Amino acid sequence: MDPKDLRIFHLSKKYPNRKKGGSPVVAVDDISLDIKPGEFVTLLGPSGCGKTTTLRMIAGFERPTSGDILVGGKSICSLPPNKRDTSMVFQTYALFPNLNVYDNIAYGLRIKKLPPEVISQKIKDIIQLVGLLGLEDRHTNELSGGQQQRVALARALVMEPSVLLFDEPLSNLDAKLRIQMRTEIRKIQRTVGITAVYVTHDQAEAMSMSDRIIVMNNGKITQVGTPKEIYYHPVNEFTANFIGTANVLRGTLLARHENGVVDVEVMGKRINGVQGVPACKVGEECSLVIRPEACSVGDSGIFEGEVRLSTFMGEYQLYEIYLGGNTFIVHENNPKNKIIKNIGDRAFLSLDIPDIHAI
């Protein structure tokens, strides 16, 4: 396969408003992206954020209102879906129930009128790659959900597209199988080296599979970065709250330092050496993002509060600590040999200062 770059320039999609005289509904609002050859990129965001519309415009199922889409440096906006050098793996798999596994995978190759011997070799190779060996003669209704997903993936890959598109392909699988399949999809993508664009609202999928994540909200891109960048250095509260669990505390910016850290006052306490470059000026309000695993509960610490929830989760103890009008979530890792606080207890909160991020 020949992976190519995918470039999106000022792409927008507007739908007519059904209300008479109403403004158009903006589904995608002037987004631009550069995706490298062989890169696995995930469009992540809540329902209605524009991620699926963006994917459908790349595939050719939706026509952009404005903007351009280039694959390998060539515009594809005027091409129909079957001429775009892209393949889509759908949420519902879209398999033919009257055909067996072999014929489902061969469908697109036969439309291209490839010689039977070429089709046979391509299917043999792809079946081996996706782990369907021995299932060629089964009909799709005789397969498990995970096997059906593999057939859908094989059918897309066998066409040897330059860009592979995924539209929430694991949403119909149970939790354990989703974890297994996301690992398999990523492994196959790396083996083949294909450029991939993956759409999901599941943060765990995005974190575990992606080279980069594009976080979207209200039709716009809010942040682009690696999973670690998105998680540890969110640029706003939306991203912080959408990727993982975040505690957000309001404070006042006291000082900036040349080494890229700031000092902040929160609930009467001064916290020095916080990472981040908040947009506010000294003396103005800023926010601190603190992940639940970056703090702990004990008999001493920076803030004192009341335990409102204490739940054993196996690998961690889940606390909700009420302090200063805020409910603070804490994941106390490996709680087996630690003193556990109960509901109603007074408790002190300690913070890992290097893990706090100012926005």
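Keep in mind that this is a model prediction, so the values were computed, not measured.
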Do the side chains of Arg291 and Asp355 get close enough for a salt bridge, i.e. N-O under 4.0 angstrom? no
request  = Show your working on salt bridge (charged side-chain N to carboxylate O under 4.0 Å, His left out) between Asp167 and Arg56 and close with a plain yes or no.
outcome  = CA-CA 9 Å; Asp167 183 14; Arg56 289 177 63 81; 5.6 Å; no
Exceeds 12 heavy-atom contacts within 6.0 angstrom, atom CD1 of Ile339 = no
Does atom CG of Asn241 have more than 12 heavy-atom neighbours from other groups under 6.0 Å away? yes
Might you work through the side chain to side chain contact (heavy atoms under 4.5 Å, CB included) test for Val297 and Lys338, ending with a clear yes or no? CA-CA 10 Å; Val297 172; Lys338 295 178 180 178; over 6 Å; no
Asp202 and Arg182 ion-paired at < 4.0 Å: no
Less than 4.5 Å apart, any side-chain heavy atom of Phe166 and any of Leu153? yes
Scanning both residues in full, the closest heavy-atom pair of Ala246 with Ala240 reads CB-O, 3.4 Å
- Message: For a quick check under 3.5 Å, do Glu205 and Tyr198 share a side-chain donor-acceptor pair by atom type?
- Response: yes
Would the number of heavy atoms belonging to other residues, nucleotides or ligands and lying under 6.0 Å from OH of Tyr107 be above 12? no
Give the ring-plane orientation class for His233 versus His357, where under 30° counts as parallel, over 60° as perpendicular and anything between as tilted.
perpendicular
If you measure only the distance, is there a donor-acceptor pair under 3.5 Å linking the side chains of Ser287 and Arg250?
yes
List the steps, then state whether salt bridge (charged side-chain N to carboxylate O under 4.0 Å, His left out) holds for Glu160 with Lys122. CA-CA 10 Å; Glu160 299 184 351; Lys122 285 180 178 293; 2.9 Å; yes
- [ ] Please confirm whether Arg190 makes a cation-pi placement over Phe40, using NZ or CZ under 6.0 Å from the six-membered ring centre and within 45° of the ring normal.
- [x] no
The reported gap from CG in Asp30 to CD1 in Ile8 (rounded to nearest 0.5 angstrom) is 12.0 Å
Problem - Hydrophobic cluster identity match, Ile105 and Leu135, side-chain contacts under 4.5 Å - result: yes
Does atom CZ of Phe61 have more than 12 heavy-atom neighbours, drawn from other residues, nucleotides or ligands, at distances under 6.0 Å? yes
**Message:** A side-chain contact here means heavy atoms from C-beta on lying under 4.5 Å apart; do Ile213 and Met207 qualify?
**Reply:** yes
Partner of Ser171 under side chain to side chain donor-acceptor pair (under 3.5 Å), picked from Arg178, Gln91, His201, is Gln91
Q: Find out whether Met57 and Lys13 are in side-chain contact, i.e. whether some heavy atom of one side chain is under 4.5 Å from a heavy atom of the other.
A: yes
- Under a 4.5 Å side-chain heavy-atom rule over Ile, Leu, Val, Met, Phe, Trp and Tyr, are Ile221 and Phe9 clustered together? no
Can you tell if the side chain of Phe96 reaches within under 4.5 Å of the side chain of Arg155, non-hydrogen atoms only?
yes
Discussion item. Grouping I, L, V, M, F, W and Y whenever their side-chain heavy atoms are under 4.5 Å apart, do Phe312 and Tyr319 come out in a common cluster?
Written reply: no
Q) When you check the side-chain N and O atoms of Gln189 and Arg186, is any donor under 3.5 Å from an acceptor? A) yes
Using a 6.0 Å cut-off, check whether atom CG of Asp299 has over 12 heavy atoms from anything other than its own residue. no
So CG of Leu99 and OG1 of Thr140: to nearest 0.5 Å the spacing works out to 8.0 Å
Tell me whether Met88 is reachable from Ile76 by hopping between hydrophobic residues (I, L, V, M, F, W, Y) whose side-chain heavy atoms are closer than 4.5 Å.
-> yes
dist Glu136:CD -> Lys124:NZ (nearest 0.5 Å) comes out at 10.5 Å
For Glu284, is the CD atom crowded, meaning more than 12 foreign heavy atoms sit under 6.0 Å from it? yes
So with a 6.0 Å cut-off around NZ of Lys187, is the heavy-atom count from everything else above 12? no
